[in-house]
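Residue numbers run from 1 in the order of the sequence given. Both counts, for ligands and for their atoms, begin at 1 and track the order of listing.
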Amino acid sequence: MPECVDLRSDTVTKPSPGMRKAMAEAEVGDDVFHEDPSVNRLEEMVAGLYGKEAALYVASGTMANQLAIRAQTHHGDEIIMERTSHPFNSEAGALAALAGVQVNLVDGQQGIMDAEQIRAVVRTANVHHAPTALICLENTHNRGGGSIWPLDKIRAIREVAASTSVPMHLDGARLLNACVATGLNPGDYAQYFDSCTLCLSKGLGAPVGSRVIGSKPFGAQAHRFRKQFGGGMRQAGILAAAGLYALEHNVERLAEDHLNAKRLAQGIADIGGLDVDVNAVVTNILYFHVRQPGLTVPKFLERLRTEGVLMLGTGPNSIRAVTHLDVSKEGIDRALEVLRQVVR
Ligand SMILES: *Cc1c(COP(=O)(O)O)cnc(C)c1O
């Protein structure tokens, strides 16, 4: 039985021998006291990449988003985000539970919104309203199919935000995927945001860890709430070393994941009974639909699994596949062969 091709998520990547070695040799200290040299080196590197002052190390992308939102809002405030965004759909109700905010949802196209849509829902001062406290974007957009925000759309939203004095947050879990695909730098995007995130544990291949990024005062606020959320870690340098290794070795190669996603989409487009928008696949995430009468998603996924291919069901007909550094071009070709066999 050949090794299984796991396309459920880019979170399934395992640390490579080189990464494990870097972890074993990491210099460490107490990070709650800001004394872990590896954590601090990673902070400097990520802050530099994003062109910001602070980049706090946190356990997960969820914690990064939630700290950013908690640090920039008050209970009873309202925040604006796209309907299919990660913090609203996939963070276990943390917006309500931890930040105590309500959400004004906007319908985007593949997760991308227009400035006019935002302008229409920013609250004016009125005793009846929950004040608009934050505008959140996601780049790349997970449920949008790994879509990339055009810079001019971000800029236009920033103008609305500035004219209404509302700060902006970027869920940048996969911002480096956007950068590798467009040739832009993280800072080119981050300049429009007051806070940003980065996940080291997705396509970058680290086992754990994210960063929440912003100004020095923002970093201090986030630091306090990280402690409050129970997220203060001690000798976290063992984990940060994996993040450093990931940034040094696994960024440029994200381009391979994008090629593999395209290859998979092109292959799927040629299979009758499966439906995919090849042009929408621009990074490492793709969604496709099963349109074979009688073939339900659970049945389809089970047959794939029997043949050693794992994907994720995301709706009545919808499947998600994500490419990453533990899936090769050969793995993609094998997945395609199994897909052909399963719908036949
Ligand atoms: C994965 C992900 C996160 C955070 O995920 P964790 O599992 O908490 O690390 C946040 N935003 C987006 C867009 C994601 O894909």
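Here the closest heavy-atom approach between residue Ala240 and residue Tyr57 is recorded as N-OH, 3.7 Å. Of all heavy-atom pairs between Ala99 and Arg70, the closest is CA-CD, 3.8 Å. In terms of heavy-atom proximity, Lys262 sits nearest to Asn279 at NZ-CA, 4.1 Å.
Protein residues are said to neighbour a ligand when one of their heavy atoms lies under 4.0 Å from it; for ligand 1 these are Ser60, Gly61, Thr62, Asn65, His86, Glu91, Glu138, Asn142, Asp171, Ala173, Arg174, Lys202.
For Gln266, the CD atom is densely surrounded, since the number of other residues' heavy atoms within 6.0 Å is greater than 12.
With ring centers used as reference points, His223 lies under 6.0 Å from His34.
In this pair, Phe229 and Phe225 present their aromatic rings tilted. The plane angle is within the 30 to 60° band.
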